[in-house]
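Data first, discussion second: the structure below is written as structure tokens.
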Amino acid sequence: MALKNPKELHRELAARCEKVLSKTEWRNYLRDALTRTLKMRRETISLLFTDFEAFRDQVREVKERSIDRLDEVFETFKKNCEKKGVKVYLAGDAEEACEIIYRIAVEKGAKLLTKSKSMTTEEIMLNAYLEKRGVKIVETDLGEFIIQLAGEKPFHLVYPSVHKTRYEVAELFSKLAGRELNPEIGDLMQFVRGYLREVFLSADIGVTGANIAIAETGTVVVETNEGNDRLGSIPPKTHIVVTGIEKIVEKVEDALKLIVAHPVSSTGQFLTTYVSFVSGRNPLAGDDGGRELHVVVIDNGRRAMRDDPWFREALYCIRCGACMNICPTYSTVGGHVFGYIYTGAIGLPWTAYTHGLERAAEFAPLCISCGLCKEICPVKIDIPMLIAEVKHRYVREAGQLTTNRVLENYEAFYRLASRAPWFFNPLLRLGFIRALMERFLGIDRRRPIPPVARKTFAKEFGERRWTQHGRRAIIFADFFIQFVRPDLGIKLCEALNTAGYTPVLPPQKTSAYPYVAYGDLDKATEVAEYNVKHLSEALSEGDVIVSAEPTAVYALKYVYPKLLKNSKESLKVSKASVPASVLLDSLVEEGRLAVKKAEGFKVGIHIPCHERALDESRSVYNLLRHAGYDAVFVETGTCCGMAGSFGMKHGTLGYGLANAVGEPLFNMFKENGCKFVVTNSSVCRIHIEQGTGLAVYNPLEVVEFTAPHTR
């Protein structure tokens, strides 16, 4: 079946975004709610772990091992369940899973089912299936209950109704009650407790999901903060558990790690309030027997995902929702725009496999490739590259947007413009030219285009003579230094030369990250191969590869190895790559460079997204402090919104969304009282300058390096 063309999908997504971007108060409420969760997560990690990174590695190892042995652990789980009298089913797809559950309900003569929160049942659309056939099913998780009354899909994996205000909830509950209810939270809770208690006591079957299933004991683990899973599953004679096959782990010890990872990452709790281990069915006092447990294990694309080298990693997801909490665009537009059933960043690969590529493509442009989802994921899933592959598969079949194609090829334009900057720079300042570019190329006229330097960095570099030393610094210039500010590249080389490095500039292209961001992975791979070939050939023992652009270092260290299947050369380049500010800071600390003192202005530091995977701008802070500045970090904990070339685009899915994301950060900078802003990112610089009215500098512009003083 042919996919919708990219223009149509773009138009539809932009219209959905426009509706929510106009709701400023709603957006602030959503962002505040998710920011509170991130704060609680940080606090809990600091209290609970001495080495959270090691814990993340352990959790990943559990999931890797379980998925490697997926069929085997399922058979072990099934065998150990059946020893306890549990009936286990393996459903190939959503239709089969729903049919199994419906058949059980018919056999038991069930008219009313309760259900605790379960994204897997949302995935297979169980409620609609049963209700169409005359079986009533009531959600008992408070958030899911609200969503069911509203006739909506969950907004978030963990907080399905986080977007609803108490007034909206009061309206929904009032309709159910047949009378007007007070919108006070206490009154609303009293009503819903009373209503659901009656449902719990009269239900024929209780349906729950499972956060984990344990193969060695035939146990399912259900975690809730409301206890509704126990109220829903214990009183009825029949309990049905619905779970994806990827939730099965080998051992109890594996499950215990996940039981900690879930709450820490999702809500910032030490432990979920209720953790239930269900192994078969036990009799109740006065019961006449006949109590049954049925476990419906669902494939629905999971084994195909396991066999796909790109998407296998998506099966490691533990459904904590952390990637939604950190996502700059999700926290601006929400899960009903950024999602189908599975929402947010991890929702893209899951949607592609469970509901189809076109469904995923409908919200894929909302991923602006900041990479923060990977940094926060408790299982270290490379979500950004999974999303890039979703985009790649769509682009390969349906084509690429013209604007994306233009922005991907910025290097070709600047290479051409660098031959005649005297012509191109004045041309790009003409209003009618920018209007034409906006109309036909989709580049927003309000966004300044960096002027082309008189000479490229490569030319400037070739005209210099450097003192030869035993150590060498391989310079990876990337776009900004190569075409816009070669003077900063020369300043970097002079500092490194002073510190005992010989700067070397092998043949190279820019990082190609826009190709990754827009899903043209074939082109990204070509550039990666070119750069890795020349950089690895230039590398000798003890050399370093240095770049002043965070995204360039991120590409060299993390993206190129993925694209090149961890080739020996790509890993060699990855290991040798270092941010310029990190190297300069270490040279100052080692006494091989000195920093001139500047006036002690208060300076705000912005952390670019890709720098969070490197050193979180700590080296920038150190350098500014060495120079005598009163340096402070000013941040929201997420992206500024520019996201490389995303903020250059015209319209809602570009300039408009970028500004909506950046607004809280702009306000923080304005209120901070800093004289200017410092950041390593050349594109964040454009965005923050426009949004705050403050001057924004690269560290190389405000820190002067000299040879160390000797006595």
*asked:* According to salt bridge (Lys or Arg N to Asp or Glu O under 4.0 Å), does anything in residues 541-556 pair up with another residue at least two apart or in another chain? List the pairs.
replied: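 Listed once each, the pairs are R472-D543.
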*Got a sec, which pairs hit salt bridge (Lys or Arg N to Asp or Glu O under 4.0 Å) with one end in residues 554-566, sequence neighbours left out?*
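Non-adjacent pairs meeting salt bridge (Lys or Arg N to Asp or Glu O under 4.0 Å): E313-K562.
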_Lys/Arg-Asp/Glu bridge criterion (N-O < 4.0 Å) met for E375, K380_ =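 Result for this pair is no, no salt bridge flagged.
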*Between D520 and R405, is the closest basic N to carboxylate O distance under 4.0 Å?*
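D520 and R405: not salt-bridged.
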Can you name the side-chain hydrogen bond (donor to acceptor under 3.5 Å, both in side chains) partners of [X], sequence neighbours left out?
X    : result
R454 : none
E537 : K533
N622 : D585
E599 : none

Which value, rounded to the nearest 0.5 Å, describes the distance between [X] atom [atom1] and [Y] atom [atom2]?
X    : Y    : atom1 : atom2 : result
L556 : L535 : CG    : CG    : 6.5 Å
I387 : H392 : CD1   : NE2   : 15.5 Å
E616 : I607 : CD    : CD1   : 6.0 Å
M648 : R446 : CE    : CZ    : 12.0 Å
D478 : S682 : CG    : OG    : 7.5 Å
F363 : T329 : CZ    : OG1   : 11.0 Å

Sequence neighbours left out, cut at 3.5 Å: what donor-acceptor pairs do the side chains of residues 633-646 make with other protein atoms?
{"unit_1": "E635", "atom_1": "OE1", "unit_2": "R612", "atom_2": "NH1", "d": "3.0"}
{"unit_1": "E635", "atom_1": "OE1", "unit_2": "R612", "atom_2": "NH2", "d": "2.5"}
{"unit_1": "E635", "atom_1": "OE1", "unit_2": "G637", "atom_2": "N", "d": "3.4"}
{"unit_1": "T636", "atom_1": "OG1", "unit_2": "T638", "atom_2": "N", "d": "3.4"}
{"unit_1": "T638", "atom_1": "OG1", "unit_2": "I326", "atom_2": "O", "d": "2.8"}
{"unit_1": "S645", "atom_1": "OG", "unit_2": "Y518", "atom_2": "OH", "d": "2.8"}

_I'd like to check the side-chain contact (heavy atoms from CB on, under 4.5 Å) partners of E663; sequence neighbours left out, ordered by chain and number._
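In terms of side-chain contact (heavy atoms from CB on, under 4.5 Å), with neighbours along the sequence ignored, E663 is linked to R27, N667.
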Determine whether [X] and [Y] make a side-chain contact, defined as any pair of heavy atoms from C-beta on separated by less than 4.5 Å.
X    : Y    : answer
L9   : Y394 : yes
P503 : L496 : no
V553 : V578 : no
P349 : I346 : yes
C373 : C327 : no
V504 : I475 : no
I443 : Y655 : no
T706 : L593 : no

*Within 45° of the ring axis of Y558 and under 6.0 Å from its six-membered ring centre, is that where the NZ or CZ of K374 lies?*
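Verdict for Y558: a cation-pi partner in K374.
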_K675 charged N/C atom sitting above F601 aromatic ring, 6.0 Å / 45°_ =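 Output yes; distance and angle both within limits.
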Let me check something: any side-chain donor-acceptor pairs from residues 416-439 under 3.5 Å, sequence neighbours excluded? List them with distances.
{"unit_1": "S418", "atom_1": "OG", "unit_2": "Y414", "atom_2": "O", "d": "3.4"}
{"unit_1": "S418", "atom_1": "OG", "unit_2": "R415", "atom_2": "O", "d": "2.7"}
{"unit_1": "N425", "atom_1": "OD1", "unit_2": "V452", "atom_2": "N", "d": "2.8"}
{"unit_1": "N425", "atom_1": "ND2", "unit_2": "P421", "atom_2": "O", "d": "3.4"}
{"unit_1": "N425", "atom_1": "ND2", "unit_2": "V452", "atom_2": "O", "d": "2.9"}
{"unit_1": "R434", "atom_1": "NH1", "unit_2": "R447", "atom_2": "O", "d": "3.1"}
{"unit_1": "R434", "atom_1": "NH2", "unit_2": "D444", "atom_2": "O", "d": "2.6"}
{"unit_1": "R434", "atom_1": "NH2", "unit_2": "R447", "atom_2": "O", "d": "2.8"}
{"unit_1": "E438", "atom_1": "OE1", "unit_2": "R445", "atom_2": "N", "d": "2.9"}
{"unit_1": "E438", "atom_1": "OE1", "unit_2": "R445", "atom_2": "NE", "d": "3.3"}
{"unit_1": "E438", "atom_1": "OE1", "unit_2": "H650", "atom_2": "ND1", "d": "3.4"}
{"unit_1": "E438", "atom_1": "OE2", "unit_2": "R445", "atom_2": "NE", "d": "3.2"}
{"unit_1": "E438", "atom_1": "OE2", "unit_2": "R445", "atom_2": "NH2", "d": "3.2"}

*Neighbour count above 12 (heavy atom, 6.0 Å) for K459 NZ*: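 For K459, atom NZ is not crowded (no more than 12 foreign heavy atoms under 6.0 Å).
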Taking atom types as modelled and ignoring hydrogens, do the side chains of [X] and [Y] form a donor-acceptor contact shorter than 3.5 angstrom?
X    : Y    : answer
T510 : Y410 : yes
R625 : Y629 : no
Q482 : Q508 : no
S567 : S570 : yes

*Let me see the working for K4 and E12 under salt bridge (charged side-chain N to carboxylate O under 4.0 Å, His left out), right down to the final yes or no.*
CA-CA 11 Å; K4 283 185 183 177; E12 291 171 356; 3.3 Å; yes
_E701 vs K491, test: salt bridge (charged side-chain N to carboxylate O under 4.0 Å, His left out). Steps then yes/no._
CA-CA 9 Å; E701 293 178 276; K491 186 175 179 180; over 6 Å; no
_Partners meeting salt bridge (charged side-chain N to carboxylate O under 4.0 Å, His left out) with R42 (sequence neighbours left out)_ =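 For R42 there are no salt bridge (charged side-chain N to carboxylate O under 4.0 Å, His left out) partners, ignoring immediate neighbours.
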*Under the salt bridge (charged side-chain N to carboxylate O under 4.0 Å, His left out) test, residues paired with R396 that sit two or more places apart*: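 By the salt bridge (charged side-chain N to carboxylate O under 4.0 Å, His left out) rule, R396 matches no residue at all.
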*For residues 494-507, which residue pairs qualify under side-chain hydrogen bond (donor to acceptor under 3.5 Å, both in side chains), counting only residues two or more places apart or in two chains?*
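Listed once each, the pairs are R464-E494.
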*Between Y513 (side chain) and S369 (backbone), is there a donor-acceptor pair under 3.5 Å?*
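Yes: the side chain of Y513 pairs with the backbone of S369.
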*Does S547 reach the main-chain N or O of F476 with its side chain, forming a donor-acceptor pair under 3.5 Å?*
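Looks like yes, one N/O pair under 3.5 Å.
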